[in-house]
Number of protein chains: 2
Amino acid sequence: MVHGRAADAAQIDQVRRFNRTVTERVGVLHDHYLGRDRPIGEARLLWEIGERGQDVRRLRERLGLDSGYVSRLLRSLEAEGLVSVEPQPRDRRVRTARLTAAGRAERAVLDGRSNELAGSLLAPLNAAQRDRLVAAMAEVDRLLTAATVTLDAVDPDHPDARHCLRSYSAELQKRFETGFDAALSLLPDPGELRPPHGLFLVARLHGEPVGCAGLKLPPGAPAEIKRMWVAPHARRLGLGRRFLAELEERAARHGRDVLRLDTNKALDAALGLYRSFGFQEVAAFNDEPYAHHWFEKRITGPLQE
Amino acid sequence: MVHGRAADAAQIDQVRRFNRTVTERVGVLHDHYLGRDRPIGEARLLWEIGERGQDVRRLRERLGLDSGYVSRLLRSLEAEGLVSVEPQPRDRRVRTARLTAAGRAERAVLDGRSNELAGSLLAPLNAAQRDRLVAAMAEVDRLLTAATVTLDAVDPDHPDARHCLRSYSAELQKRFETGFDAALSLLPDPGELRPPHGLFLVARLHGEPVGCAGLKLPPGAPAEIKRMWVAPHARRLGLGRRFLAELEERAARHGRDVLRLDTNKALDAALGLYRSFGFQEVAAFNDEPYAHHWFEKRITGPLQE
DNA sequence: CCCATTCTCTGACTAAAGTCAGAGAATGGT
DNA sequence: ACCATTCTCTGACTTTAGTCAGAGAATGGG
């Protein structure tokens with residue numbers, strides 16, 4: 001990964017101090033408030049089921065727990081009358097857990113305690129300190145979230161890839177003045193975005209696909225970025241830049257020394273990103289009907305001895 | 001407490017999001033790294049014993065564990081040859097745990113893993129994001145630490161109070177051009193800083209005294225702040241301001257409408273604090289030989305219906 | 001319709017984490 | 001010298017938090 005250079009010692013140190021303070025302060029209080037009369041396993045489950053219910057397999061996935069264990073926890077919550085579990089109508093192997101009225105009440109209690117906990121962290125501070133703490137927390141939150149996003153090369157037919165591509169088309173449809181009709185656009189045919197003539201990256205946050213980017217590697221020609229998209233709720237995490245860096249590195253690894261792309265004028269954030277990432281605007285190199293701008297960047301090949 | 005007003009809902013919300021992200025990301029990784037081949041109870045203990053050893057009772061206190069449990073953990077570490085436990089010479093009921101050479105090596109392994117953990121949080125980020133994350137972490141760390149400091153009224157003869165007063169004198173001795181001789185200064189006699197004619201506050205961080213401030217409440221005269229001091233490692237946490245706010249409130253509660261103090265020109269940070277807290281410089285109201293500045297603040301009495 | 005797969009559940013375990021009630025050695029104050 | 005207190009330890013527990021192997025129902029593709 002192009003970003004994966006080692007952090008320096010002072011940074012490591014500060015992160016460790018942070019971890020210590022936070023696990024002490026937040027961790028201790030967390031258990032104190034949440035686990036007051038119920039094992040935290042159950043409390044977490046109750047929380048994760050949520051107001052609208054959840055499939056058992058999603059619960060397992062979200063909490064990272066063994067299927068037998070989750071099943072047992074659900075039995076215990078059922079016995080307390082807090083939860084009911086029923087087969088999903090569409091696929092009767094899957095079962096859906098829902099909160100009963102009592103379960104909802106119990107969840108509200110947990111909710112209240114979480115608020116108490118949050119309040120107790122802020123309480124000893126004055127208004128100015130609070131503002132600064134909350135702002136710094138938002139920043140940490142945002143950047144740690146950014147750091148949990150994974151980038152993987154997948155086949156463009158993978159369900160996560162298809163999901164992103166559908167969202168991509170839907171968004172263009174909404175944002176382009178003229179709408180967007182995939183049939184009119186210069187779509188790379190599927191083979192162009194899979195090895196050996198290309199690749200397709202999917203970004204995932206907690207397992208959910210939240211962005212994609214394709215790279216065409218036509219033999220003997222510049223590499224070309226296609227269909228880069230980031231889900232609205234995953235924006236402002238530096239994901240676009242991370243895609244570009246990753247694609248640039250991969251293009252270089254495949255021996256290309258030029259990376260290019262085309263884009264529509266409606267995508268103003270993307271235009272800014274390309275420029276700040278070192279792309280230069282060039283003359284049209286294709287006749288994509290939806291493009292208004294064409295960009296190119298000279299990249300360094302893989303290091304040689 | 002004067003700072004203890006309720007935080008607003010948006011702040012509470014952000015704190016909760018933060019707690020969630022951090023416990024997921026830091027918590028999970030923490031256990032993953034530290035508990036790799038050893039129960040985390042033992043790992044924490046090994047860590048807490050430290051290079052120089054620790055009394056068993058301090059360990060219990062720091063980790064908040066049952067005495068039987070700690071004893072058992074120590075037995076297990078002893079059996080592995082990582083720790084030796086011996087009676088303290090001064091009080092043979094108390095026992096001190098020390099790391100053996102093997103224990104020190106094991107602790108170094110844990111240390112390395114903590115570094116890995118910290119590194120793994122930063123690894124997916126680019127340099128700019130890292131800088132911002134580390135800065136935000138430092139801010140959170142600092143403010144959460146500030147929030148764990150407690151302020152309590154104690155008798156000026158309490159060991160914690162005496163500790164602070166000794167440190168206070170030692171610091172003045174070092175910082176005043178002329179040195180500081182307590183015998184020449186207008187020392188409030190002990191009775192003046194305990195009820196009903198005064199009070200004495202001690203600030204504590206993790207049980208350690210880290211600051212103090214006295215308030216004289218002479219009958220029918222303005223309240224007067226004396227001997228305010230914050231330990232060097234607890235500075236920049238807004239503690240001075242917190243002392244002032246607390247003393248102001250207590251003075252008001254005792255019906256005073258003027259708060260005053262004198263100070264030496266060498267204490268520049270304190271001078272700035274007093275001014276920014278609303279104190280006005282006034283003519284000398286006493287003949288303290290070490291004072292160069294006298295300040296006064298008009299305060300509001302307790303609310304009346 | 002058959003068969004491989006998916007999903008949840010149960011039974012049978014294990015390890016970690018902790019609690020509780022004393023026992024026995026040291027200590028400090030009187 | 002005596003006694004209450006402090007400190008650590010041991011034995012006997014419990015609860016929490018899992019893991020693992022397989023059984024049985026439902027589904028989907030051929």
Side-chain angles (χ1 to χ4, degrees), chain A residues 23 27-28 30-32 34-49 53-80 83-98 157 159 207, chain B residues 23-24 27-28 30-49 53-80 82-98 110 159:
Chain A
T23 49
V28 169
H30 180 264
D31 295 359
H32 172 72
L34 252 65
R36 212 134 53 176
D37 36 38
R38 173 179 313 290
I40 42 165
E42 287 185 17
R44 286 209 299 158
L45 199 53
L46 210 48
W47 189 258
E48 207 61 48
I49 290 170
Q54 267 298 343
D55 293 351
V56 172
R57 72 163 151 195
R58 299 262 315 146
L59 291 173
R60 215 162 44 217
E61 202 173 279
R62 301 272 292 234
L63 298 171
L65 300 176
D66 174 86
S67 81
Y69 187 35
V70 168
S71 181
R72 220 174 301 280
L73 287 173
L74 284 172
R75 255 6 90 233
S76 145
L77 290 171
E78 234 176 1
E80 293 180 81
V83 158
S84 72
V85 182
E86 277 164 27
Q88 210 194 56
R90 302 185 40 170
D91 179 345
R92 300 179 46 79
R93 288 170 305 184
V94 179
R95 312 233 295 159
T96 304
R98 270 176 234 292
D157 269 341
Chain B
T23 49
E24 261 181 38
V28 168
H30 180 263
D31 294 0
H32 172 73
Y33 278 93
L34 251 64
R36 212 135 52 177
D37 36 38
R38 174 180 312 289
I40 43 166
E42 287 185 16
R44 287 210 298 158
L45 199 53
L46 211 47
W47 189 259
E48 207 62 48
I49 290 170
Q54 267 298 343
D55 292 352
V56 172
R57 72 163 151 197
R58 297 260 320 146
L59 291 173
R60 216 160 46 217
E61 201 174 278
R62 300 272 292 235
L63 299 170
L65 299 175
D66 174 85
S67 79
Y69 187 33
V70 168
S71 181
R72 219 174 302 281
L73 287 173
L74 285 172
R75 252 10 87 230
S76 144
L77 289 171
E78 234 175 1
E80 292 181 80
L82 303 176
V83 158
S84 72
V85 182
E86 276 164 29
Q88 211 193 56
R90 303 185 39 169
D91 180 343
R92 300 179 46 79
R93 289 171 304 183
V94 179
R95 310 233 294 159
T96 304
R98 269 177 234 290
L110 294 181

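Note on naming: letters A, B, ... go to the chains in the order of the sequence lines (proteins, then strands), and numbering restarts at 1 for each one. All figures in this text were calculated on a predicted structure; none of them were measured in a lab.
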* Let me know the distance between CZ of A:Arg60 and P of C:dT6, rounded to the nearest Å. => 12 Å
* Atom CD1 of B:Ile40 and atom P of D:dT16: how far apart are they, to the nearest Å? -> 17 Å
* Rounded to whole angstroms, how far apart are OH on A:Tyr69 and C1' on C:dT8? -> 17 Å
* Asked: Does D:dG29 have a Watson-Crick or wobble partner in any strand here, with both distances under 3.5 angstrom, and which is it?
  -> C:dC2
* Asked: What does A:Arg72 touch in the nucleic acid at a heavy-atom separation under 4.0 angstrom: a base, only the sugar-phosphate, or nothing?
  -> base
* Contact list for DNA chain D against residues 84-97 of chain A - heavy-atom distance below 4.0 Å -> A:Asp91, A:Arg92, A:Arg93
* Asked: What about B:Ser67: does its side chain form a donor-acceptor pair under 3.5 Å with the base of D:dC7?
  -> no
* To do: Could you check how far CG of B:Asp66 sits from P of D:dA12, rounded to whole Å?
  => 17 Å
* Structure fact -> Taken to the nearest whole Å, CG/B:Leu63 to P/D:dT8 is 13 Å
* **Short side-chain to backbone donor-acceptor contact, B:Asp55 and B:Arg57, under 3.5 Å** => no
* Structure fact -> Atom CD of B:Glu42 and atom P of C:dA17 are separated, to the nearest Å, by 8 Å
* Asked: B:Arg57 has an atom CZ; how far is it from atom P of C:dT27, in whole Å?
  -> 12 Å
* To do: For B:Leu73, answer base if it contacts any base atom (sugar-phosphate contacts may also be present), sugar-phosphate if it contacts only those atoms, and nothing otherwise; contact means non-hydrogen atoms under 4.0 Å.
  => nothing
